[in-house]
S.K.: 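Got a structure for you, written out below as structure tokens; questions coming shortly.
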Amino acid sequence: MATTNGKKDISLKNIISSYPTWAHPSVHYHSVDWEMLRDTFQGERQVKEKGHAYLPQPSGLDDSEYDLYLENATFYNMTNRTVGALVGTIFRRNPVISNLPKKLQKKVRKITKNNQSLRSFTRRCAKEVVHMGRYGVLVDMPAGGGDPYLTGYVTEAILDWSYQMVGDREVLTEVLLMEAFLPDHASGSTSGQRSYKIRIRALRLVAGRYEQHVYDSTSTQVYPDVNRVPDQVIVPTNRGTPLRYIPFIIFGTESNSPDVERSSMLDIAQMNISHFRSYAHLEHGRFYTGLPVYYVSKGTGEGKGEYTIGASVVWEIGAGENAGIIEFNGNGLKFLENAIATKEAHISTLGGRLIGVTTSSVSESDNQVSMKDRNEQALLLNVSMALDEGFTQVLQWWASWQDVQTSEAEEISIEFNKDFMLKEAAAREFRAVQQMYQDGILPIEVVYDYLKKAEVIPDWLELEEFKKLLASKNSFPNNPDAEANSRGFPDRKTELELEEAEKDRKSQEQIAESQAALALKQARTPKPAGAGAA
């Protein structure tokens, strides 16, 4: 239902002049930050199109000089790099779904209305949460019936929400969502342009029953009036029974509450703009000072004229002066270079990715690296746990709409990667884990989990298969320890020692048996007459 692919997500803000007055106060408050986050993520072209908003015009520069000032500026997109790197870290391993009924396992490959897979959709959600701090997911169903699907809503599209006390708990009773739609008369336009309009989809609990109220804007409206009679009322049902809850979750950086949470990328985006401005000053200074100016003497009686800076012009000075070259020798640009290096260090400390820009002059100390790692791990852990909780609920709703018993649906869960919490393991750690396993301190399940997180065991190798391979000598050809292990011994050395001990035991038993037999034979042999008398 929502338009959530490609640039249409971002262009929603461009087709409206402002949010409606009835939008939640948090939406109005954070809208400026959201716009900056979108612009910095899009990169240099988007930032420069905003002109004065991100790069004010210095006093003394006319419009043509400002255009050159803006053109020469460099925007190094640290925001985009950081978001991509953090999301890539979460999805270094695929999410693990547990207890999903067999009949639904193929359906997760096309879980959205436009046939996205669950992995692709969750990655999209994670990217929005890391970047914007917010993303909404609705479990929906075609009006005429059919398989349910998931629909995503970007943060700018979630306009308002309300709670009410039901018993002793707060329950989500209303969510107003913005969508872009193409009117029927515009879809066949011959002008080559499509005129999208705003639609409001209100998710409401009406007398305890979940309903969708749809409001379409008209040619005279930017936003439709949500207090009038809706253009369409939809009552989703589960096996003919209306729902008693709104199947909508808003993901955040720390929790899955509808309340707006501040994006973790905002500090990096703001520093990215500050870095851009410093770069603009530096490039402007380099443009005017990087090239030498030539000067020569002129004849007497000539008046003063305007001076142009550049290597292709010559300044004329008083008669009798020598010709020469003016070159910049000051330290002003050095201060700008140091300022840029300092800002890059600050961004790096915040967790920003500066791959390809950091030089030896701004190399990170151990403390900076440690701080950056902790910042990243804290952010990623919070996002990963929020994804666990939210998508577990989403999948349970989705499954319960497909004739899965409630008790069975409640067993479904999903877990996202948290391997980033495990530092790179070295040989010493591996040997310690192996020794604890051999000593009976760690079970094989713990060893398997550790090795999988350390990326020694691949994703496709499940625990039971790992146990089978571990017990098979064919998995370790020409390895005496593996062959001994397949016969029930921890290693070949132990097997040899036990074999020697068994040989010694049997030898002792044979000696004892021989001695016992000899004693018995002697006891049964008749003594000669008169023997034994003194």
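Values below: all heavy atoms of this structure, side chains included; hydrogens, waters and symmetry mates excluded.
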S.K.: Within this structure, what is the CZ-OG1 distance for the pair F121 and T112, rounded to the nearest 0.5 Å?
M.R.: 7.0 Å
S.K.: With rounding to the nearest 0.5 Å, note down the distance linking CD in Q396 to CD in Q393.
M.R.: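 So the CD of Q396 and the CD of Q393 are separated by 5.5 Å.
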S.K.: Are the side chain of R277 and the backbone of Y54 linked by a donor-acceptor contact shorter than 3.5 Å?
M.R.: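 Yes, the answer is positive, given that a donor and an acceptor are paired below the 3.5 Å cut-off.
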S.K.: Atom OG1 in T74, atom NE2 in H275: separation rounded to 0.5 Å?
M.R.: 9.0 Å
S.K.: More than 12 heavy atoms of other residues, nucleotides or ligands under 6.0 Å from CD of Q164: is that the case?
M.R.: no
S.K.: Check whether any side-chain N or O of N77 sits under 3.5 Å from a backbone N or O of T40 as a donor-acceptor pair, and report yes or no.
M.R.: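 Yes, because the side chain of N77 sits within donor-acceptor range (under 3.5 Å) of the backbone of T40.
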S.K.: Looking at S384 and L380, would you say the former's side chain and the latter's main chain have a donor-acceptor pair under 3.5 Å?
M.R.: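 No, the answer is negative, given that no donor and acceptor are paired below the 3.5 Å cut-off.
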S.K.: Hey, is CD on E44 packed in by over 12 heavy atoms from elsewhere, all under 6.0 Å?
M.R.: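 Atom CD in E44 is packed in, count exceeds 12.
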S.K.: May I have the step-by-step check of salt bridge (charged side-chain N to carboxylate O under 4.0 Å, His left out) for E71 and K48, ending in yes or no?
M.R.: CA-CA 8 Å; E71 182 181 349; K48 287 187 175 181; over 6 Å; no
S.K.: Has W398 got a side-chain atom pairing as donor or acceptor with P148's backbone, closer than 3.5 angstrom?
M.R.: yes
S.K.: Is there any salt bridge (Lys or Arg N to Asp or Glu O under 4.0 Å) pair reaching into residues 236-254, and which pairs are they, with sequence neighbours excluded?
M.R.: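 Listed by first then second residue: R239-D403.
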S.K.: Can D140 and Q212 be counted as having a side-chain donor-acceptor contact under 3.5 angstrom?
M.R.: yes
S.K.: Within the distance-only criterion (no hydrogens, no angle test), does the side chain of S217 pair as donor or acceptor with the backbone N or O of K197 below 3.5 angstrom?
M.R.: no
S.K.: Pick from R134, H30, R38: which one makes a side chain to side chain donor-acceptor pair (under 3.5 Å) with E156?
M.R.: R38
S.K.: List the atom of A126, the atom of L387, and the distance in Å for their closest heavy-atom pair.
M.R.: CB-CD1, 3.8 Å
S.K.: Once the angle between the rings of Y223 and W22 is folded into 0 to 90°, is it parallel (under 30°), tilted (30 to 60°) or perpendicular (over 60°)?
M.R.: perpendicular
S.K.: Please list, chain by chain and in numerical order, all residues satisfying side chain to side chain contact (heavy atoms under 4.5 Å, CB included) with D63, sequence neighbours excluded.
M.R.: Q57
S.K.: To the nearest 0.5 Å, how far apart are CZ in F416 and CD1 in I90?
M.R.: 8.5 Å
S.K.: Apply ring pair (Phe, Tyr, Trp, His ring centres under 6.0 Å) to F276 and F75, showing your working.
M.R.: CA-CA 5 Å; F276 168 62; F75 180 81; 5.7 Å; yes
S.K.: Verify, without hydrogens or angle tests, whether H213 (side chain) and V226 (backbone) share a donor-acceptor contact under 3.5 angstrom.
M.R.: no
S.K.: List the atom of V235, the atom of P242, and the distance in Å for their closest heavy-atom pair.
M.R.: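 In terms of heavy atoms, the two residues are closest at CG1-CB, 4.3 Å.
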S.K.: Any salt bridge linking R204 with E211? Criterion: basic side-chain nitrogen under 4.0 Å from a carboxylate oxygen.
M.R.: no
S.K.: Among K113, K107, K110, which residue meets the salt bridge (Lys or Arg N to Asp or Glu O under 4.0 Å) test with D147?
M.R.: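 Going through K113, K107, K110 one by one, the salt bridge (Lys or Arg N to Asp or Glu O under 4.0 Å) with D147 is satisfied by K107 alone.
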S.K.: Counting N and O atoms only, with roles assigned by atom type, does the side chain of S400 sit under 3.5 Å from a partner on the main chain of W397, one being a donor and the other an acceptor?
M.R.: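 Checking the backbone N and O of W397 against the side chain of S400, a donor-acceptor pair under 3.5 Å is found.
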S.K.: Any sub-3.5 Å donor-acceptor pair from K127's side-chain atoms to G84's backbone N or O?
M.R.: no
S.K.: Does R45 form a salt bridge (charged side-chain N to carboxylate O under 4.0 Å, His left out) with D39? I'd like the steps, not just the answer.
M.R.: CA-CA 9 Å; R45 179 176 177 182; D39 291 341; over 6 Å; no
S.K.: Check whether any side-chain N or O of S120 sits under 3.5 Å from a backbone N or O of S117 as a donor-acceptor pair, and report yes or no.
M.R.: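 Answer holds: no.
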S.K.: Would you please classify the geometry between the W34 ring and the Y19 ring as parallel, tilted or perpendicular, with 30° and 60° separating the classes?
M.R.: perpendicular
S.K.: Look at the side chain of N417 and the backbone N and O of N94, then say whether any donor-acceptor pair between them is shorter than 3.5 Å.
M.R.: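 Such a contact is absent between N417 side chain and N94 backbone.
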S.K.: Any chance you could lay out the salt bridge (charged side-chain N to carboxylate O under 4.0 Å, His left out) test for D33 and R262, step after step, and finish with the verdict?
M.R.: CA-CA 9 Å; D33 294 338; R262 186 177 186 275; 5.9 Å; no
S.K.: Can you spot which of L176, V214, D231 makes a side-chain contact (heavy atoms from CB on, under 4.5 Å) with I200?
M.R.: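 Per the side-chain contact (heavy atoms from CB on, under 4.5 Å) rule, the option paired with I200 is L176, out of L176, V214, D231.
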S.K.: Will you find, in the side chains of E415 and S98, an N or O donor that is under 3.5 Å from an N or O acceptor?
M.R.: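 Judged by distance alone, the side chains do not pair up.
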S.K.: Look at the rings of Y66 and H52 and say which category their plane angle falls in: under 30° parallel, 30 to 60° tilted, over 60° perpendicular.
M.R.: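 Ring orientation of Y66 relative to H52: parallel.
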